Novice: 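First, the structure itself, so that you have it in front of you.
All of these numbers come straight from a predicted model, not from anything done at the bench.
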Amino acid sequence: MPRILFIAAHRPNRSPSQRFRFEQYLNYLKQNGFDSEFSFLISAADDNYFYKPGNTLIKTYIFIKSVLKRLKDISRASNFDIVFIQREAFMTGSTYFEKKLNKSGAKLVFDFDDAIWNLDVSEANKKLGWLKNPDKTAKIISYSDMVFAGNKYLSDYARHYNSNVSIVPTTIDTESYQKIPIEKDKNKVCIGWTGSITTIKHFEYALPFLAKLKEKYAD
């Protein structure tokens, strides 16, 4: 039975990126003969401190715990046929773990759905921004046997560093998310947005023109 080790930052059903990029396919993979294991770093308890200012000692503990977990992943990676990394294996700018996983004998698949080489750091961890590295994404791509990119813009970037790139759009599980018939008002438009703590600033850029649209078209 082929074995896949999924490596990501957050626990199951915590991160939209993980949920839509690979978590929703785990049952399908199991039904089709794949044995999957999920290794994540940030637990529910860690969440209470990781994205809040301060808590230096607890964040240091999370950091050390995460290093030990990834070292364990490296030691057992050869037991898997595929190691699938979603966005990054570790939260700093280092590519040490990706490089080691590349040499494990397992095929390394890298998946990303955003321009993560443009660094975003949460307000709570701005003082730790120096730990990030804008060249990290390119290096991980170069180490990988295959790259899944969420759209053409991302794939064009990835092909500068790896020729084996496939566009895999982000999808939703249509069995879980059913279309609800509603009576539409053709004179109204509904605008939605989804994001995270680190990307909320991009939505804030849109507020001025959204306010103008509301002023112009409001009842």
Novice: Step by step, would you call Asp113 with Arg87 a salt bridge (charged side-chain N to carboxylate O under 4.0 Å, His left out)?
Specialist: CA-CA 8 Å; Asp113 63 336; Arg87 296 175 72 100; 3.0 Å; yes
Novice: May I ask you to check whether over 12 heavy atoms, not counting those of Glu175, lie within 6.0 Å of atom CD?
Specialist: no
Novice: Same cluster or not: are Ile74 and Phe38 linked, directly or through other Ile, Leu, Val, Met, Phe, Trp or Tyr residues, by side-chain heavy atoms under 4.5 angstrom apart?
Specialist: no
Novice: Do Lys136 and Glu98 touch side chain to side chain, with heavy atoms closer than 4.5 Å?
Specialist: yes
Novice: For Lys69, look at atom NZ and say whether over 12 heavy atoms of other residues, nucleotides or ligands are found less than 6.0 Å away.
Specialist: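 Counting other residues, nucleotides and ligands, NZ of Lys69 exceeds 12 neighbours.
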Novice: Side-chain contact, heavy-atom cut-off 4.5 Å: Val109 with Asp145?
Specialist: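 The answer is no; the side chains never approach within 4.5 Å.
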Novice: Taking side chain to side chain donor-acceptor pair (under 3.5 Å) as the definition, give me every residue that meets it alongside Asp73, ordered by chain and number, with sequence neighbours left out.
Specialist: Ser39, Arg70, Arg76
Novice: What's the spacing between Lys59 NZ and Ile64 CD1 if we round to 0.5 Å?
Specialist: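 Output value for this atom pair is 15.0 Å.
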Novice: Do Thr170 and Arg21 pair up side chain to side chain, a donor and an acceptor below 3.5 Å, judged on atom types alone?
Specialist: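 There is such a pair between these side chains.
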Novice: With a 4.5 Å limit on heavy-atom distance, are the side chains of Asn32 and Tyr25 in contact?
Specialist: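 They are not in side-chain contact.
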Novice: Are Leu41 and Phe84 linked, directly or through other ILVMFWY residues, by side chains that come within less than 4.5 angstrom of each other?
Specialist: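 Per the 4.5 Å side-chain linkage, Leu41 and Phe84 are not co-clustered.
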Novice: Nearest 0.5 Å, what's the NZ-CG distance between Lys139 and Asn133?
Specialist: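 CG of Asn133 is found 5.5 Å from NZ of Lys139.
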Novice: Atom CG of Asp35 and atom NZ of Lys30: how far apart are they, to the nearest 0.5 Å?
Specialist: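 Result: 8.5 Å between the selected atoms.
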Novice: Just so I know, are the side chains of Glu88 and Ile116 near enough to count as touching, which here means a heavy-atom distance under 4.5 Å?
Specialist: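 When only atoms from C-beta onward are counted, Ile116 and Glu88 do not touch, as no gap falls below 4.5 Å.
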Novice: Do any N or O atoms from the side chain of Gln24 and from the backbone of Phe20 form a donor-acceptor pair under 3.5 angstrom?
Specialist: yes
Novice: Within this structure, what is the OG-CZ distance for the pair Ser155 and Phe148, rounded to the nearest 0.5 Å?
Specialist: 13.0 Å
Novice: Which residue in the set Gln18, His10, Arg14, Gln86 passes side chain to side chain donor-acceptor pair (under 3.5 Å) when paired with Glu23?
Specialist: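 Only one option passes, and that is Gln18.
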Novice: For Asn55 and Pro53, indicate whether the former's side chain and the latter's backbone hold a donor-acceptor pair under 3.5 Å.
Specialist: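 Looks like yes, one N/O pair under 3.5 Å.
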Novice: Counting only heavy atoms not in Lys103, do more than 12 fall under 6.0 Å of its NZ?
Specialist: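 For Lys103, atom NZ is not crowded (no more than 12 foreign heavy atoms under 6.0 Å).
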Novice: Rounded at 0.5 Å granularity, tell me how far CD1 in Ile62 sits from CZ in Phe50.
Specialist: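 Ile62 CD1 to Phe50 CZ: 6.5 Å, rounded to 0.5 Å.
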Novice: Nearest 0.5 angstrom please: Leu101 CG to Thr95 OG1, how far?
Specialist: 11.0 Å
Novice: Is any side-chain heavy atom of Tyr161 closer than 4.5 Å to a side-chain heavy atom of Val147?
Specialist: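 No, side chains not in contact.
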Novice: Looking at Leu207, I want to see if its CG is surrounded by more than 12 non-hydrogen atoms of other residues, nucleotides or ligands under 6.0 Å.
Specialist: yes
Novice: Taking a hydrophobic cluster as the set of Ile, Leu, Val, Met, Phe, Trp and Tyr residues connected by side-chain heavy atoms closer than 4.5 Å, whether directly or through intermediates, do Leu108 and Phe22 fall within one such cluster?
Specialist: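 No; tracing contacts between hydrophobic side chains, which count when under 4.5 Å, never links both residues.
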Novice: Quick check: is Met146 connected to Ile7 through a chain of hydrophobic side chains (ILVMFWY, heavy atoms under 4.5 Å apart)?
Specialist: no
Novice: Could you tell me if the side chain of Asn162 sits less than 4.5 Å from the side chain of Ser144, heavy atoms only?
Specialist: yes
Novice: Apply ring pair (Phe, Tyr, Trp, His ring centres under 6.0 Å) to Phe6 and Phe80, showing your working.
Specialist: CA-CA 10 Å; Phe6 287 94; Phe80 294 86; 9.7 Å; no
Novice: Looking at side-chain heavy atoms only, is the closest gap between Phe63 and Thr92 below 4.5 Å?
Specialist: yes
Novice: Under a 4.5 Å cut-off applied to non-hydrogen side-chain atoms, are Leu71 and Tyr96 in contact?
Specialist: yes
Novice: How close do Val165 and Ala158 get, counting heavy atoms only, and between which atoms?
Specialist: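 Nearest heavy atoms, Val165 then Ala158: CG2-CB, 3.9 Å.
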Novice: Determine, using ring centers only, whether Tyr143 and Phe110 are less than 6.0 Å apart.
Specialist: no
Novice: Between Phe209 and Tyr205 (judged by ring centroids, cut-off 6.0 Å), do the two rings come close enough to count as a pair?
Specialist: no
